[in-house]
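Structure, as structure tokens:
We name chains A, B, ... by the order of the sequence lines, and we start the count at 1 in each one.
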Amino acid sequence: MEYKLKRIKRRRVIPGFPLSMGITLAMVSMIVLIPMASIIICASDLSLQEFIQIVTAKDVVSGYVVSFSCALIAAIINCIFGVILAWVLVRYEFPGKRFLDGLIELPFALPTAVAGISLTALYSDQGWIGGIFAKFGIKIAYTKVGITIAMIFIGIPFVVRAIQPVLEKFDPQYEEAASMLGANGSRTFFRVIFPEILPAMLTGFGLALARGIGEYGSVVFIAGNIPYKTQIAPLLIMSKLEQLKYTDATAIALVMLVVSFLILLLLNIIQVHATKRTT
Amino acid sequence: MSIKQDSVDLKKGAKITKTVLITVSLLFVIIMLVIPMLILIVYAFKDGFTKYIEAITDTYTIKALRLTIIATITAVAINTFFGLFAAWAVTKFYFKGKQLLLTLIDIPFAVSPVIAGLIFILTFGRIGWAHGFLEAHDIQIVFAVPGVIIATIFVTFPFISREIIPVLNAQGKDEEEAAALMGASGFRIFRKITLPHMKWALLYGIVLCSARAMGEFGAVSVLSGHLRGKTNTLPLHVEIIYNEFKLSAAFAVSSILVVLAVIILILRNIVEYKAKKGGR
Amino acid sequence: GCKKNSSSSDGSVEITNVSYDPTREFYEEYNVEFAKYWKDKTGQEVTVTQSHGGSGKQARSVIEGNEADVVTLALAHDITAIEEAGLIEEGWINEFEKNSSPYTSTIVFLVRKGNDKDIKDWSDLIKDGVNVITPNPKTSGGACWNFLSAWAYAKNQYNGDETQIKDFVTKLYKNVSVLDSGARGATTTFVENGQGDVLIAWENEAYLTLDEHPDEFEIVTPSISILAEPSVAIVDSVAKKRGTEEVAKEYLTYLYSDVGQRLAGENYYRPTNTDILKEFSDVFNLDLNMVSIDDFGGWNEAYEVYFQDGGIFDQIYTQ
Amino acid sequence: MYVELKNITKTFQDYKASDNVSFGIEKGKLIGLLGPSGSGKTTILRMIAGLEQPDSGDIFINGERVNDIPASKRGIGFVFQSYALFRYMDVFDNIAFGLEIQKKNKKEIKDRVLELIKLIGLEGLEHRYPNQLSGGQRQRVAFARALAPNPQLLLLDEPFAAIDAKVRQELRSWLKEMISRVGITSIFVTHDQDEAIEVADEIIITNQGRVDQMGSPLEIYKKPGTPFVAQFIGQSSIVEDYSSLVGFDKVESMNQAIIRPEFIRIAKRGELKQYLSAAEEGVVESIAFRGNNLEVKVQVNGQNFTATRSLEKESIQVGEEVDVLIYRLYVFDEDRTYLLENKAMKDDNPVFI
Amino acid sequence: MYVELKNITKTFQDYKASDNVSFGIEKGKLIGLLGPSGSGKTTILRMIAGLEQPDSGDIFINGERVNDIPASKRGIGFVFQSYALFRYMDVFDNIAFGLEIQKKNKKEIKDRVLELIKLIGLEGLEHRYPNQLSGGQRQRVAFARALAPNPQLLLLDEPFAAIDAKVRQELRSWLKEMISRVGITSIFVTHDQDEAIEVADEIIITNQGRVDQMGSPLEIYKKPGTPFVAQFIGQSSIVEDYSSLVGFDKVESMNQAIIRPEFIRIAKRGELKQYLSAAEEGVVESIAFRGNNLEVKVQVNGQNFTATRSLEKESIQVGEEVDVLIYRLYVFDEDRTYLLENKAMKDDNPVFI
Ligand SMILES: Nc1ncnc2c1ncn2[C@@H]1O[C@H](COP(=O)(O)OP(=O)(O)OP(=O)(O)O)[C@@H](O)[C@H]1O
Ligand SMILES: Nc1ncnc2c1ncn2[C@@H]1O[C@H](COP(=O)(O)OP(=O)(O)OP(=O)(O)O)[C@@H](O)[C@H]1O
Ligand SMILES: [Mg+2]
Ligand SMILES: [Mg+2]
Ligand SMILES: O=S(=O)([O-])[O-]
């Protein structure tokens, strides 16, 4: 009996496990878990049927579709430019590189509302860039294109900063090996380098996607908010709240949360898998 | 001779790729990041320099700036505290459910700011389940400064731990084990061995966390109540003056945030440069 | 968490006025006047903390715990919501004169200088190629007034034929290119970002825009509009708790004083005091044919029918 | 016994890293833990140090059961495989770390550290950081750091693994000498048999979580206890059909045999003056130069053997017919080995010239 | 000459990694580039491969100057030190990579890859990923991958460095055999002299960016061209005062000598039947077991020598007085070495029993 007890109290060599674990769990609970639980508590007022009815209402579904499809496209575009940017920042030397590097986090630092306002001013058909496109009859602001652009804006740092360290660590021997086997630059990139940065890119992709789906401040200004066309899901939550329909709002929020959580979980699983393959 | 030509072409190919990629990057960054910032500056000075100064020295602006700084400092302090302990727990020990814990820490990354605000309303607001308790003790959280701070903490929660954890993971725990074996206390190990190793990552995390904390809008907007001079942070204040038709003043105030952001990004670059030099 | 007793012994008092977007300029001036008045009357310093936002959002924040002593919102419905949450006592609408609406407003059109699309009345808004800007009634109180005005016009036009009215309104909203979440957002979209040919706006908002951008816009008054009655109320439970009932009551009462009424007029709100309203006859079109919310059976019914989920507004988008 | 492990078992997930491990170590000895990768050497070392808890079994140090004594209280010095030098401390501070924790006074610490720096021959480098040292130098610092607090037992996990071949050779002798000079009981882990043989007083051979044999290098070399040990130690080739060789009879249940190069003598025709009847005839398959001798492969009755031949002897050619004298070999079954001497050599009457 | 380097120089920052390097390699030979760490071996290999450009000098492959041909067009196979196997491709895809680039058809690729997999003895593992392979298996895959496109020249950078001691031994023979079977001209880099001696047909010895000597292992071993080579190859100890030894006279300007264990015979008193007058008297300082023989340290007139003694011979003890016969030694100055034979052994009249 006594022996058993001792075994349960497993000793760890490095001190501080109970303290650090305690603080970690306490803070995660206080700041993340308990508040998040409120959503579930609130949504639990609904029966399953009601819940399903709310989250599958036509306008809600269209909100999801708009948010998700724009975020997806933005995340994909971010992946392409993110890889190019990370590549340029790691592999090339050129004047202004440090400046370029420093700018990447700008979207983190700029308040989303300010970003939204600026982007709208820039891309509306009176704006500097929107004006150019308007000449060709292309509208950017107040369309899905505009929403996508705002989401690209907020998502780019996630992708670049995920890929950059991996590229930095990437052993040039792999490239040399490929070139010794006769491969040219693009082939080496797609067959040898790309698989290496893929897990990191997916992480960045997932974060950008999750952020895009949930983004409000910078998107709401540039979205036209026309139901079934340019109305994003977070705006729907807002609008439910205006009507004091908390349960409806939380039901919609819950679906988005679950989606975000699944995206994150999937990413973590991919990471674990990728490290398994490479170590 | 033909061989020589070939190699020259190949080098030329690589050069062209380089030029194209750099151009594409620059264009992307300019269009997506630089011009929006530029537009902001242009608008900020549209009504002239005096108007600009007036806007940024307005008492409400200063009060908002103060709140923003308080919220940022508190969030950074608390998240640093958390980040250090979490990183220690996660990287120095083996336990079940580590992956789940990491995912939980990441959640605020993926939560819509609107929902982030909502959850605190649903918790601490008049309709929240904790309201009875707060009421009894006359504690006001949402629609008051604590709410603004809590929301800021929430949205920036993972920033610091996420920066340190990979660095500590890469370092392994041999050095800590070696020190523990010699009988060093946890605090000593942390201070003498772990901290020097991660200090640049920590600083980088702090920089990012402050940047994000200063700029937070959505979540704070939901639970601030927009009380002028009380619960308005700088981004909220920007929205308010924007809504007052003072476009240029709004951008002027935004420019404070931009300047802060730029300072922070410069700090970030310095930190990174030092880290690379120190890391070798 | 410190004890909040707003009337402190040193003779100062603090109240919070939670209001909606277009009233900022008005209350900024009014608060100064009221502070002077209160000081004279009681010797006490009063500080009024203002909060502005979309009317619905503001009502919600009060319900959720934003400690407002008084609310001055865009429509009675929003205050009723607070009442239903138990924060305001029943019968608040009769607590002050004129349904607790110290000033009113109406809905007008703002068009670009020259009025290229030749917009004169509601019927012009459904023409092909006319681009309309108005906010979303689900998130903006002002937008509800816009919607109901249009509805009133069509009702008159089609003699109450429900299908035709609906058809009219549907066509109108088909012409809406940006449906902002608040009245101010819509104004910015129209004014700053140059979207649309016509903005359906609060009258006071329209005048304010003219002030800010002289020579760029014109106001067009439609043949039928609605009497928008922004309501005010004391948030009884909060005021009681903080011991500010007296000053709160006085704060709202003083809106009906000549000083308050004139100030409203100067800020392009129509004073409810008819004498003072007349002083502003050069500003306001006093002959405008206005329906009132009572024609829609009061706010509760109107909201239920038109703006509730699945209501008429939703229907025109699902068609 | 200074250190004793009794029936130690340790399972990771479902993998038995230590499977009923028992052995004892005398005070003052330098012990080599030798075994292939993954055989559980590090696990044993870490359990002795207290860095890992055994699932069952007891560990005694100096007669005291230490299972429940935390690592930091066991008074053990540990040299990590990758040295785990504190990267942000210089050589001096690294070595001083353990002493500072013991709250020694400044003067004492300084004296002890400088004494150790002298011992490891790094005078003048005390203010270098680990990344400014070569592999060998780092190893020395790790060694000094572990020794500084005067531990009663020193554990070293693959102390030479990270060092390049030439330097490794030198360090081996250095370490052996140092340890004998300091006189501290030590256990070191290695997967390199040459290293174990050269450095250790006694070797413990691990295999799949078990201890296969323990003994002096010569003992293990000459009397391997299990087939695994016989194969793992020394260069060896397997003989499938040993009973067909002159002088060796089949032993019950033992189907295979192991033979080492030094068990075989290859002689030019006419060179062999003795035991001719005990020798086989063979053909030279290949000859390779191996540092200071030649490695000769011969074929005897369709079986291949490897032997060595001194450079000083008369040279032989590939294809040449030679006499192959096999002195002895190890026969084995599942878990036993026996040394079999060439019977024919005893029977044969010696002929002296 | 199949591969030829002429006056190659390469400087990194201010460090001369290659300093006027010239040598030629014949077709079909297996060459070992041997030298201490940092002596510029990898740099030479990489310049031949085209992964690095020389600052000056010419590289010829098969008579053609290749300085301006990019690495991917030189038709060279390269096995990297850490193999650089593509982590996200399985064994099959790794080996097929070079063939796919040559736009071979599916069938051809499959046949060639399976042939190579068979050659390296990894049948059945073609769908494993690199991290599921042992070090030795990875090395084989890297080898097969480099061979797949039928290169005319194979370069290997420390092919055995990442592999553990036991397996390394096996792989050496394996690789040597493979290369001779495929018949491809190969150059491999190593800093391990045993490895170079065992594997290479010819050895090029590098030292501080220069080539010190080139020749067959035996040649280099027996006739080291420079003092560096003499010391680097074989186990050796330096004799400060060689002229005090019986049978060795001082050579002009040569102050030191190098002696190898096999140059020394240690004999029990009475064991030496010959050359007694050429032998010194010594005392055994230490005896250590070294795999298959004993390493004996003796002191002769205050100088220490290391020699070996067979296990089969009668045993000697530490402290015993022995006869020490030194057959020969290398004397050297700055840049030359001479082999000096023990004169006294010639003078001494042989005595046969
Ligand atoms: N913390 C751990 N979790 C799971 N398995 C482990 C752990 N530590 C060791 N193992 C497993 O236990 C077995 C023995 O490991 P150990 O490190 O003791 O081997 P070793 O003999 O030191 O090998 P090497 O020579 O490769 O260092 C291995 O199969 C290893 O994978
Ligand atoms: N890219 C480089 N930049 C700067 N210096 C370099 C570079 N590559 C090699 N060197 C230097 O050139 C010298 C020779 O290096 P090289 O890698 O050729 O040595 P090596 O003989 O292969 O050594 P090792 O056995 O350690 O691999 C070393 O001093 C090294 O530091
Ligand atoms: Mg190990
Ligand atoms: Mg090298
Ligand atoms: O302020 S509004 O409610 O009219 O948007």
Side-chain angles (χ1 to χ4, degrees), chain A residues 12-17 20-21 23-24 27-28 31-32 35-36 38-39 41-42 81 84-85 87-88 92 94 98 100 102-103 105-106 108-115 117-119 121-122 128 152-153 156 185 207 210 214 216-217 234 237-238 246 249 253 256-257 260-261 263-265 268, chain B residues 14 17-18 21-22 24-25 28-29 32-33 35-36 39-40 82 85-86 88-89 92-93 99 102-115 118-120 122-123 128-129 153-154 157 173 176-177 180 185-186 208 211-212 215 217-218 235 238-239 242 254 257 261 264-265 268-269:
Chain A
R12 302 183 191 257
V13 183
I14 301 174
F17 181 69
S20 59
M21 199 62 193
I23 288 177
T24 306
M27 289 192 65
V28 167
I31 293 171
V32 180
M36 300 290 282
S38 304
I39 293 253
I41 293 173
C42 192
F81 284 100
I84 294 176
L85 272 168
W87 181 267
V88 163
Y92 300 138
F94 56 93
R98 299 199 68 79
L100 192 67
L103 277 178
E105 260 109 9
L106 190 70
F108 274 163
L110 214 56
T112 48
V114 173
I117 294 167
S118 307
L119 287 173
L122 187 60
W128 294 353
I152 293 174
F153 176 84
I156 189 72
L207 287 174
Y216 179 73
I237 296 179
M238 278 302 212
Y246 290 101
M256 291 178 63
L257 271 182
S260 300
F261 187 77
I263 291 174
L264 285 182
L265 201 64
N268 275 332
Chain B
T17 316
K18 177 178 166 174
L21 290 182
I22 290 178
V24 167
S25 303
F28 179 84
V29 169
M32 290 308 303
L33 305 178
I35 296 189
I39 238 190
L40 196 148
F82 166 78
F85 280 101
W88 185 264
K92 301 299 169 201
F93 305 98
Q99 213 50 48
L102 282 174
T103 309
L104 287 180
I105 294 175
D106 274 353
I107 281 185
F109 261 152
V111 170
S112 169
V114 174
I115 300 179
L118 177 62
I119 59 175
F120 290 106
L122 292 177
T123 310
W129 49 266
I153 294 173
F154 180 87
F157 193 62
K173 49 187 184 189
E176 280 83 1
E177 274 186 356
S185 68
L208 274 189
R212 184 78 172 81
F217 171 75
V238 168
E239 193 207 15
Y242 179 76
S254 304
L257 285 162
I264 280 176
L265 294 182
R268 188 199 80 84
N269 259 8

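- Residues Ser254(B) and Val114(A) come closest through the heavy atom pair OG-CG2, 3.4 Å.
- For Phe120(B), the part lying under 4.5 angstrom from a heavy atom of chain A is the side chain only.
- When each of Ser185(B), Ala211(B), Gly218(B) is checked for heavy-atom pairs under 4.5 Å with chain A, Ala211(B) comes out on top.
- For the options Ile115(B), Val29(B), Val111(B), heavy-atom pairs under 4.5 Å to chain A are most numerous at Ile115(B).
- Only the side chain of Ile237(A) comes within less than 4.5 Å of a heavy atom in chain B; its backbone stays farther off.
- Heavy atoms of Pro108(B) lying under 4.5 Å from chain A belong exclusively to its side chain.
- The candidate with the highest count of non-hydrogen atom pairs below 4.5 Å against chain A, out of Phe109(B), Phe82(B), Trp129(B), is Phe82(B).
- In this structure, Leu33(B) and Leu103(A) approach most closely via the heavy-atom pair CD1-O, 3.6 Å.
- In this structure, Ile84(A) and Ser25(B) approach most closely via the heavy-atom pair CG2-OG, 3.4 Å.
- With a 4.5 angstrom heavy-atom cutoff, Leu21(B) touches chain A via backbone and side-chain atoms both.
- The part of Phe94(A) that comes within reach of chain B is its side chain, from C-beta onward, which places non-hydrogen atoms under 4.5 angstrom from that chain.
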Residues Ile152(A), Phe28(B); criterion side-chain contact (heavy atoms from CB on, under 4.5 Å); working and verdict = CA-CA 11 Å; Ile152(A) 293 174; Phe28(B) 179 84; 3.8 Å; yes
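- Contact annotation for Phe81(A): only side-chain heavy atoms (C-beta onward) come within less than 4.5 Å of a heavy atom of chain B.
- Taking chain B as the reference chain and counting heavy-atom pairs below 4.5 Å, the highest number among Ala121(A), Pro35(A), Pro234(A), Ala253(A) is found for Pro35(A).
- Here the closest non-hydrogen pair linking Ile14(A) and Ala180(B) is CA-CB, 4.2 Å.
- When heavy atoms are compared at a cutoff of 4.5 Å, Leu265(A) approaches chain B by way of both its backbone and its side chain.
- The distance from atom CG of Leu118(B) to atom CE of Met238(A), rounded to the nearest 0.5 Å, is 9.0 Å.
- Among Glu176(B), Lys173(B), Arg212(B), Glu177(B), the residue making the largest number of heavy-atom pairs under 4.5 Å with chain A is Arg212(B).
- Contact count against chain B (heavy-atom pairs under 4.5 Å) is highest for Val32(A) among Val32(A), Ile39(A), Leu257(A).
- Ranked by heavy-atom pairs under 4.5 Å with chain A, the list Val24(B), Ile107(B), Leu40(B) is led by Ile107(B).
- With a 4.5 Å cut-off on non-hydrogen atoms, Phe154(B) touches chain A through its backbone and its side chain both.
- Looking at Met256(A), the atoms closer than 4.5 Å to chain B (heavy atoms on both sides) all sit in the side chain, from C-beta outward.
- The greatest number of non-hydrogen atom pairs below 4.5 Å with chain B, out of Thr112(A), Ile117(A), Ile41(A), Leu119(A), is found for Ile117(A).
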message = For Val88(A) and Lys18(B): C-alpha separation, side-chain torsions, deciding distance, then whether side-chain contact (heavy atoms from CB on, under 4.5 Å) applies.
response = CA-CA 8 Å; Val88(A) 163; Lys18(B) 177 178 166 174; over 6 Å; no
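- Here the shortest heavy-atom pairing between Ser20(A) and Trp88(B) reads OG-CD1, 3.4 Å.
- With respect to chain B, the highest number of heavy-atom pairs below 4.5 Å among Ser260(A), Ala115(A), Gly185(A), Pro15(A) belongs to Pro15(A).
- Separation of atoms CD1 (Ile119(B)) and OG (Ser38(A)) is listed at 7.0 Å; rounding is to 0.5 Å.
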task = Assess whether side-chain contact (heavy atoms from CB on, under 4.5 Å) is satisfied between Phe261(A) and Leu104(B), documenting all intermediate values.
result = CA-CA 9 Å; Phe261(A) 187 77; Leu104(B) 287 180; 4.3 Å; yes
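- Nearest heavy atoms, Met32(B) versus Phe153(A): O-CD1, 3.1 Å.
- Expressed to the nearest 0.5 Å, how far CZ of Phe85(B) lies from OG1 of Thr24(A) amounts to 8.0 Å.
- Chain A forms more heavy-atom pairs under 4.5 Å with one residue of Ile105(B), Ile153(B), Leu102(B), Leu257(B) than with any other, namely Leu257(B).
- Residue Ile263(A) does not touch chain B at all, counting heavy-atom pairs closer than 4.5 Å.
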